[in-house]
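For this chain, numbers begin at 1 and follow the sequence in order.
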Amino acid sequence: MTTSTLPNSKQQLILAVLMVCSLLIWLDNTVLSTTLETLADPARGLNASPAELQWATGSYTLAFATLMFTAGALGDRFGHRTVLATGLVVFAASSVWAAFAGDAGQLIAARAAMGVGSALIMPGNMAILMWTFTGPARSTAIAISSTSAGVGMAVGPVLAGVLLDHFWWGSVFLVNVPVVILALIGIVLLVPDFRSPVVRPLDPAGMLLSTSGLAALAYGLIRSGQVAAWGRTDVWAPIVVGLILLAVFVRVELRSKMPSFDPRLLAQRAFGGGNAALGLLLFAISAITFYNAFYLQGARGYTPIEAGLAGLPTALGAILGAPVGARLVRRWSLRLVAVPALTVAALTMGAYGLFGLSTPLVLIEVLLLVQGLSIGMVLGPVTAALINTLPLERAGAGSAVTNTVRQTGSVIGIAVGGTIMSIVYRGAIEPSLHAVPGPARDQARVSAEQARHVATTSHLPALGHAADDAFIHAMHVGAIWIMLIALFGAAVLLLALRAVRGPEPAQGDVPTTDVAAPRTGADARLVREGDDVGAR
């Protein structure tokens with residue numbers, strides 16, 4: 001493998017292709033959040049329960065989190081272009097499967113397959129970018145590429161709203177297919193194939209342990225919400241097994257000479273604490289996003305496109321927050337910028353505890369804008385600074401750890417947030433179910449969406465109002481817990497960043513939510529050591 005000597009025009013075309021691949025992942029993440037309410041509907045969707053919706057979201061993230069660091073090793077062996085193209089094909093095929101899923105179980109399986117595709121796409125995408133661009137141009141390319149996240153966050157909910165207003169729910173997954181075809185054409189015509197001269201082991205033991213451990217832990221947490229009891233064997237046993245498997249995973253990786261996921265990096269105060277804080281932030285973001293989907297469409301009655309438009313301030317705030325945070329970090333320390341921003345983000349999530357059925361939309365929009373700004377000011381600058389705390393030869397391993405911790409935080413956030421909502425909702429709706437017939441009573445206990453359906457079909461308007469009130473109460477309780485977890489993340493970040501500053505302008509580093517650019521002039525060293533920075 002040698003450094004890229006491609007002409008500038010071809011480099012820009014390759015960057016455009018890579019941005020399409022990255023946009024695909026972000027579109028899918030945001031599209032699903034707008035579709036959750038429809039999937040829960042017994043008439044328009046799949047009659048999915050809250051637990052099934054948690055798995056529809058979590059199965060994707062679980063596969064993404066646990067396979068991503070292995071996909072980088074596959075790129076070393078078979079070529080990053082080959083792995084990237086394979087990931088796109090898997091993503092497209094599983095999108096078609098999801099679109100025509102006959103029940104929630106099939107959708108969950110299809111979403112897990114989509115997560116496999118994304119796990120193959122992301123490392124290859126970043127590895128090709130790092131190979132194509134060198135020096136200061138690489139920093140600029142990373143900065144431009146990272147905007148695909150904000151574009152996906154902004155476009156995804158609106159696109160989903162338009163599709164749901166005119167077509168059936170499966171159309172939100174079919175829209176991925178033409179995007180994949182466009183990306184594959186660009187890859188075949190433009191992207192050279194390359195692989196690292198040093199082939200890393202595939203680490204099947206680590207992959208199996210991490211996947212099964214996270215799956216068991218998530219199952220136990222979600223199951224507790226279904227049965228509203230922590231003492232049952234089918235609740236605590238999976239949680240214990242999951243924790244044991246994850247502990248064994250860490251031990252196996254510690255004993256490996258070339259670990260795909262290096263836990264030693266987390267022992268460093270700045271890097272480990274900073275990543276823990278980011279994981280807690282992603283935990284909170286995933287949980288509050290799960291709530292917001294049901295609040296806007298279910299409790300408030302907005303159409304999918306109205307809910308998508310209502311979520312735009314969060315995406316716009318995130319897009320603006322990253323460069324604002326980068327400028328502030330150059331003026332002050334990272335600690336003085338990121339810790340207050342994370343604190344504000346936590347408080348905006350706690351403010352959901354003040355939302356009701358008649359809260360003015362303008363207040364919600366202002367809150368979401370502030371939330372997006374504060375999140376953007378944390379994710380980009382902190383990620384770049386954390387990677388810069390490591391020696392250059394460890395930047396690739398650091399990126400793998402950072403991305404895995406984030407996705408793990410998202411998996412657990414969806415599981416815990418949804419479980420809190422289910423348990424509190426069930427307790428709040430119970431007093432209103434005495435006059436409801438037996439089968440309908442069981443259905444109404446499942447979720448507010450099911451209760452509203454029963455209220456409509458059985459002509460029980462009081463049950464519909466009770467379901468709305470019970471959901472609002474559950475959201476209030478959940479929002480407080482989410483806020484406390486995010487505030488804990490801010491406290492961890494305060495301790496972790498005691499001596500860390502953001503990247504200096506002279507280094508040419510540009511913060512991004514995916515990976516920090518290596519320091520200028522180190523490309524030859526990267527080639528010699530076969531380090532695919534950010535590719536794991």
Side-chain angles (χ1 to χ4, degrees), residues 1-27 72 75 79-88 91-92 118 120-156 176 178-196 315 318-320 322-323 326 380 383-384 387 395-396 399 503 505 507-524 526-527 531-535:
M1 172 180 162
T2 58
T3 53
S4 172
T5 57
L6 298 174
N8 184 66
S9 58
K10 189 167 185 178
Q11 287 181 337
Q12 301 309 314
L13 290 173
I14 291 174
L15 178 60
V17 172
L18 297 179
M19 288 187 67
V20 171
C21 297
S22 180
L23 178 64
L24 187 70
I25 295 174
W26 285 101
L27 274 176
H80 291 288
R81 184 183 70 171
T82 301
V83 173
L84 173 59
T86 302
L88 288 169
F91 194 90
S118 294
L120 296 173
I121 291 171
M122 182 62 76
N125 193 65
M126 290 305 300
I128 291 169
L129 186 148
M130 301 300 288
W131 178 84
T132 302
F133 295 90
T134 60
R138 178 183 287 162
S139 297
T140 303
I142 292 174
I144 295 172
S145 178
S146 67
T147 62
S148 60
V151 173
M153 290 172 62
V155 174
N176 294 329
V179 181
V180 167
I181 294 173
L182 178 64
L184 284 172
I185 292 173
I187 289 171
V188 171
L189 295 178
L190 297 168
V191 178
D193 201 10
F194 75 97
R195 63 194 71 189
S196 299
I319 293 172
L320 296 173
T383 300
I387 297 296
S399 179
Q507 292 177 310
D509 292 328
V510 177
T512 168
T513 57
D514 291 322
V515 65
R519 292 169 176 80
T520 303
D523 300 288
L526 277 172
V527 174
D531 185 22
D532 54 332
V533 178

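- Contact record, Thr132 with Gln11: O-NE2, 2.9 Å, taken as the closest heavy-atom pair.
- Contacts of Val17 classified as side-chain contact (heavy atoms from CB on, under 4.5 Å), with partners at least two apart in sequence or in another chain: Ile187, Leu190.
- A distance of 9.5 Å separates OG1 of Thr86 from CG of Leu184, quoted to the nearest 0.5 Å.
- Residues Leu84 and Ile121 approach most closely at CD1-O, 3.5 Å, considering heavy atoms.
- The NZ atom of Lys10 sits 9.0 Å away from the CG atom of Leu13 when rounded to the nearest 0.5 Å.
- Leu320 meets the side-chain contact (heavy atoms from CB on, under 4.5 Å) test with Leu373; sequence neighbours excluded.
- Qualifying side-chain contact (heavy atoms from CB on, under 4.5 Å) partners for Ala183, counting only residues two or more places apart in sequence or in other chains: Val20, Cys21, Leu88.
- To the nearest 0.5 Å, the span separating CG on Asn176 from CD1 on Ile25 amounts to 10.5 Å.
- With hydrogens and angles disregarded, no donor-acceptor distance shorter than 3.5 Å links the side chain of Arg81 to the backbone of Pro192.
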